[in-house]
2 protein chains.
Amino acid sequence: MKIDLQNRDAAREIQALQDTIYVIGGKWKLPIINSICNGNKRFREIERSIPGITTRMLSRELKEMEMNKLIIRKVTPTSPVLVEYESTEYCRTFSPVIIAMIEWGLAHREKIREG
Amino acid sequence: MKIDLQNRDAAREIQALQDTIYVIGGKWKLPIINSICNGNKRFREIERSIPGITTRMLSRELKEMEMNKLIIRKVTPTSPVLVEYESTEYCRTFSPVIIAMIEWGLAHREKIREG
DNA sequence: TGAACTGGTATACTCTGTGATACTGGTAAC
DNA sequence: GTTACCAGTATCACAGAGTATACCAGTTCA
């Protein structure tokens, strides 16, 4: 078994890529992050901002993302309770990824419209 | 029902984001694109370059990606046949996304190593 | 008084992406 | 002559991602 020194960077990079996919994988995490980073704080507000998401999926993802320190859930004990979600610094590190993906999506629609 | 003019950009952006996720969603498409763009051409070569992928998944994804014009499959009718995969121009438009994700992954490992 | 909002939970279901294992026919090297 | 490479295909099976629908307690609006 040979160790290919030339390929060590490629190996590190593909590992990095797979790490990232692992963390933000699935249909909803990036849209939710994007929504919260765009200033949406309330549960129904986030829900309405993401076409196709169900209450259940949003609820589940928010819980998981809170556990993973991607967001903070703030509760004001008024009646009824006021719940607000906020992004963390860590969450905002995904901005370059999200921006790249939004740009790809916009260019792609443009292309389809043209062609 | 009110139409919120302020949110039209946000709506377009989240749609673009969801489009992109739709196209490159799943665990394997981006790693495969990355591998091929890095110069891997042969089936087993690509397979070896992506930790964890199975022959079956690679085979399926390559087929789908060929149908979607993301890659080209070139067959040289030697015996046994020589098969080579190449990226298309369209495929390469994902570079910014892949780069952003690799950078996130590298920074993330760095952070974990430190903390 | 009833409708609509809030922030979710409960239950039941689908389904497909993914994994594990084995196999094929041909070639080449030890 | 057996092992290993190539480029895959075939079969089976499963977890869990995602969907659909209904529901709750409390509040505000008309």
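Numbered from 1 within each chain, the chains take letters A, B, ... in sequence-line order.
Salt-bridge check for B:Lys63 with B:Glu66: failed, with every basic side-chain N at 4.0 Å or more from each acidic carboxylate O.
Separating the CG atom of B:Leu82 from the P atom of C:dA28 is a distance of 13 Å, rounded to the nearest angstrom. We find that CD1 of A:Ile21 is positioned 14 Å from C1' of C:dG17, with the value rounded to whole Å. Atom CD1 of A:Ile53 is separated from atom C1' of C:dG8 by 13 Å (rounded to the nearest Å). We find that CZ of A:Phe43 is positioned 10 Å from C1' of C:dT9, with the value rounded to whole Å. To the nearest angstrom, P of C:dC5 lies 10 Å from CZ of A:Arg44. Spacing between atom CD1 of A:Ile46 and atom C1' of C:dT6 amounts to 13 Å, rounded to whole angstrom units.
A donor-acceptor pair under 3.5 Å is formed between the side chain of A:Thr88 and the backbone N or O of A:Leu70. Between the side chain of A:Gln18 and the backbone N or O of B:Pro51 there is at least one donor-acceptor pair closer than 3.5 Å. Of the possible donor and acceptor atoms, none in the side chain of B:Arg109 sits under 3.5 Å from a partner among the backbone N and O of A:Ala16.
Scored by the side-chain contact (heavy atoms from CB on, under 4.5 Å) test, A:Ser35 finds A:Asn40, A:Ile46, A:Ser49, A:Ile50 as partners (sequence neighbours excluded). Every residue was checked against the salt bridge (charged side-chain N to carboxylate O under 4.0 Å, His left out) condition with B:Lys27, not counting sequence neighbours, and none meets it. Listed by chain and residue number, nothing satisfies the salt bridge (charged side-chain N to carboxylate O under 4.0 Å, His left out) test with A:Arg42 (two or more places apart in sequence, or in another chain).
With C:dT9, D:dA7, C:dT6 as the choices, the nucleotide that has an atom nearest any side-chain atom of B:Val83 turns out to be D:dA7.
Placement of B:Trp28 and A:Val23 within a single hydrophobic cluster is found when ILVMFWY residues are connected by side-chain heavy-atom separations under 4.5 Å, directly or transitively. Put simply, B:Ile72 and B:Leu62 are part of two different groups of oily side chains (I, L, V, M, F, W, Y) that touch within less than 4.5 Å, one to the next.
Residues of residues 56-78 of chain A that place a heavy atom closer than 4.0 Å to DNA chain C, in numerical order, are A:Arg56, A:Ser59, A:Lys63, A:Arg73. A heavy atom closer than 4.0 Å to some atom of DNA chain D occurs in A:Gly26, A:Lys27, A:Trp28, these being the qualifying members of residues 22-29 of chain A.
Contact between A:Met101 and B:Thr20 at its shortest, heavy atoms only, is O-OG1, 2.7 Å.
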Problem set entry | Step-by-step salt bridge (charged side-chain N to carboxylate O under 4.0 Å, His left out) determination, A:Glu114 to A:Lys111 | CA-CA 5 Å; A:Glu114 282 171 3; A:Lys111 216 178 209 165; over 6 Å; no
Please list, for nucleotides 25-27 of chain C, all pairs of protein and nucleotide N/O atoms separated by less than 3.5 Å.
from   : atom 1 : to      : atom 2 : distance (Å)
C:dG26 : O3'    : B:Ser79 : OG     : 3.3
C:dT27 : OP1    : B:Ser79 : OG     : 2.8

